[in-house]
Amino acid sequence: MIPKTKAPRLTKPPKNCNIRDMIIDDEKLQRTLERAKSHTDSEVTGILEKAKQLKGITLEEAAVLLNVTDKNLLQKIFDAAKYVKEAIYGNRIVLFAPLYISNICTNECVYCAFRRSNTHLKRHASTMDEINQEVTALLKQGHKRILMVAGEAYPGGGLQYVYDSIKAIYDTRWNGQNIRRVNVNIAPLTEPEFEELKKCHIGTYQLFQETYHKETYEKLHIAGAKKDYQFRLDAMDRALQAGINDVGIGPLLGLYDHKYEILATLEHAAYLDKTYGVGPHTISIPRIEPADGSDFSQHPNDVLSTEEFKTCVAVLRLAVPYTGIILSTRETPQTRNECLELGVSQISAASRVNPGGYSYDKQNGSQFTLTDERTTDQVIEAIVDAKHMPSFCTGCYRLGRVGKDFMDMAKPGLIKTHCLPNAMFTFAEYLYDFAPEGLKNKGLKLIAETTQANFAEGTPIRKMIDENLQKIKAGKRDLYF
Ligand code: SAM
Ligand code: SF4
């Protein structure tokens, strides 16, 4: 069953719009970073006060925060990020699993094990039956949301393999369960191809610029279609113009100075917002991990300390308070737990980064080394212990609250009143259907406490929440509003 979404409500910019050339102005970014090196404590506290009004901060202000090294001031940045996160998102954390369908690739990104010159990597593109096995394995863990990932080279040559794979994911059934949202992370497409992709009912189209620094980009992407920096940078324009509602951007941290990359990501987000009336739905902050046979991945250009990484998360939270922040299993469990407090809104769990990793080939052909090896149950237990609410919700997407409609809902603070109940309903489903006994009890306790703390007895919303939780206990599934 493919979810139904309403028609998009996108304002198209004029074709040949020349703002596009202005997304990244290297000189401006370098100048902004240079100026931000000298700042006073009171300037920093002033920026944090402004950020707490939930309206974002300027590029210059973000640059100042990225340059803070004083421990006390850093703690104030983290506290402000936590404040903004709680004000907008409450304690919910959305869970997803990446699904690598193929590791065949014609590009030559020096940091990736899938690059074409890595001849000893075992290559494989999953068949539709194998995708079915993989999705079944994820459904058995309780997942409802998949990020489909592939190298750039598809069996049969065209994109039909991609479209068929998305259909195979949506069509898979196990014990009455199915995947409710497929997000996609594949190489940039042309506008007509994005139109076809939209017909597959994808959720978010994600693409990382890797590095926004053009000169570095050109040095690290040696061959193949991905060499074209501008075609990648313009991808979100083509996606949005083709009617894809939600797009996700991000840098791959490690390729160039992380402060530059965060500012450039903010510029990209501001450009999309200004041009299309809606910014990116999500920003991902993958960090480079050691990859098979890649010297560069062992010795990247920029190595961030944990503090620096956390500062990146916090500055993003303060600068674009309504944009989701995604953290993958590239980070250690401890860093991931700490980042939950700073504004991360989505995390992956129990990820495998090779085709077959969840079912038919647990060993071969991974893109990089995973850092968080916990099971889905263990990740969820850690989230519950930290008093956050795990969510498998896909409600907005299925009700057509996407793109600008989602932001219109998010901005008056409705994430808490809509997303939190939906998070509790989907988490309750998970607890009854999949969780071990100890986790089930802990989770149900968290749901009861959260309901009591956030929704006053006797109000219509509280009545609806109590009724739905009872229905879920009695076996009803897939309730959302
Ligand atoms: N092949 C497509 C592309 O490059 O856009 C899409 C999928 S690619 C498999 C997903 C992402 O993995 C890349 O965009 C890159 O940011 C990330 N990646 C590649 N090598 C990595 C490494 N060694 N450590 C962490 N992430 C890596
Ligand atoms: Fe291919 Fe993407 Fe890896 Fe580059 S990052 S080698 S394009 S899979």
Side-chain angles (χ1 to χ4, degrees), residues 96 98-119 121 123-126 146-154 159 161-162 165 183-189 193 197 202 204-212 216-229 231-236 239 247-256 258 261 265 282-304 309 326-332 348 351-355 357 365-372:
F96 72 96
L99 176 62
Y100 279 64
I101 55 168
S102 165
N103 61 6
I104 304 171
C105 192
T106 45
N107 289 320
E108 191 60 31
C109 312
V110 301
Y111 45 81
C112 179
F114 295 173
R115 73 198 180 282
R116 74 181 188 203
S117 65
N118 191 15
T119 45
L121 188 87
R123 306 278 172 171
H124 183 63
S126 299
I146 277 180
L147 171 65
M148 193 188 90
V149 186
E152 187 169 1
Y154 311 111
L159 283 153
Y161 173 74
V162 167
S165 300
N183 298 332
V184 171
N185 181 341
I186 56 166
L189 308 181
E193 288 167 342
L197 188 67
I202 64 158
T204 308
Y205 171 69
Q206 271 188 20
L207 185 73
F208 308 147
Q209 184 60 29
E210 320 298 15
T211 171
Y212 284 93
T216 305
Y217 185 97
E218 281 161 2
K219 280 189 194 140
L220 301 180
H221 302 94
I222 301 168
K226 193 166 165 179
K227 272 174 75 173
D228 190 338
Y229 171 92
F231 187 71
R232 200 167 179 90
L233 191 60
D234 291 344
M236 296 317 182
V247 297
I249 63 172
L252 175 59
L253 297 179
L255 306 192
Y256 187 65
H258 63 274
E261 302 291 12
T265 305
T282 53
I283 292 179
S284 299
I285 31 165
R287 186 153 44 153
I288 196 150
E289 289 293 327
D292 183 61
S294 159
D295 285 344
F296 179 88
S297 69
Q298 312 277 348
H299 309 284
N301 287 340
D302 186 34
V303 180
L304 286 79
F309 184 75
I326 303 182
L327 201 61
S328 73
T329 29
R330 290 171 180 86
E331 298 304 321
T332 63
S348 50
S351 304
R352 294 290 170 270
V353 291
N354 63 315
S366 287
Q367 193 190 14
F368 51 84
T369 314
L370 288 163
T371 311
D372 183 349

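Sequential numbering from 1 along the given sequence is applied to the chain's residues. When a ligand or atom number is given, it counts from 1 through the structure's own listing order.
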- Note on the structure: Less than 4.0 Å from some atom of ligand 1, heavy atoms are found in residues Y111, C112, V149, A150, G151, N185, I186, A187, L207, F208, E210, K226, R232, L252, R287, I288, E289, A291, R330, Q367, F368
- Chi angles and distances behind the side-chain contact (heavy atoms from CB on, under 4.5 Å) call for T211, L252: CA-CA 6 Å; T211 171; L252 175 59; over 6 Å; no
- Side-chain (R115) to main-chain (E108) donor-acceptor, under 3.5 angstrom: no
- Task: Show all protein N/O/S atoms under 2.8 Å from atom 4 (Fe) of ligand 2, or state that there are none.
- Result: C109 SG
- Please confirm whether the backbone N or O of S366 pairs with a side-chain atom of R352, one donor and one acceptor, at under 3.5 Å? no
- Message: I'd like to know if the side chain of T106 and the backbone of E152 have a donor-acceptor N/O pair within less than 3.5 Å.
- Response: yes
- Query: Do the side chains of K226 and C109 get nearer than 4.5 Å, heavy atoms only?
  - Reply: yes
- With no hydrogens and no angle check, is any side-chain donor or acceptor of S348 less than 3.5 Å from a backbone partner on P98? no
- Message: So which atom in T204 and which in G248 form the shortest heavy-atom distance, rounded to 0.1 Å?
- Response: CG2-N, 3.5 Å
- Are any of the side-chain heavy atoms of Y205 and M236 separated by less than 4.5 Å? yes
- Task: Report the C-alpha distance between L233 and Y212 in whole Å, list the side-chain angles of each, state the deciding distance to 0.1 Å, and finish with yes or no for side-chain contact (heavy atoms from CB on, under 4.5 Å).
- Result: CA-CA 8 Å; L233 191 60; Y212 284 93; 3.7 Å; yes
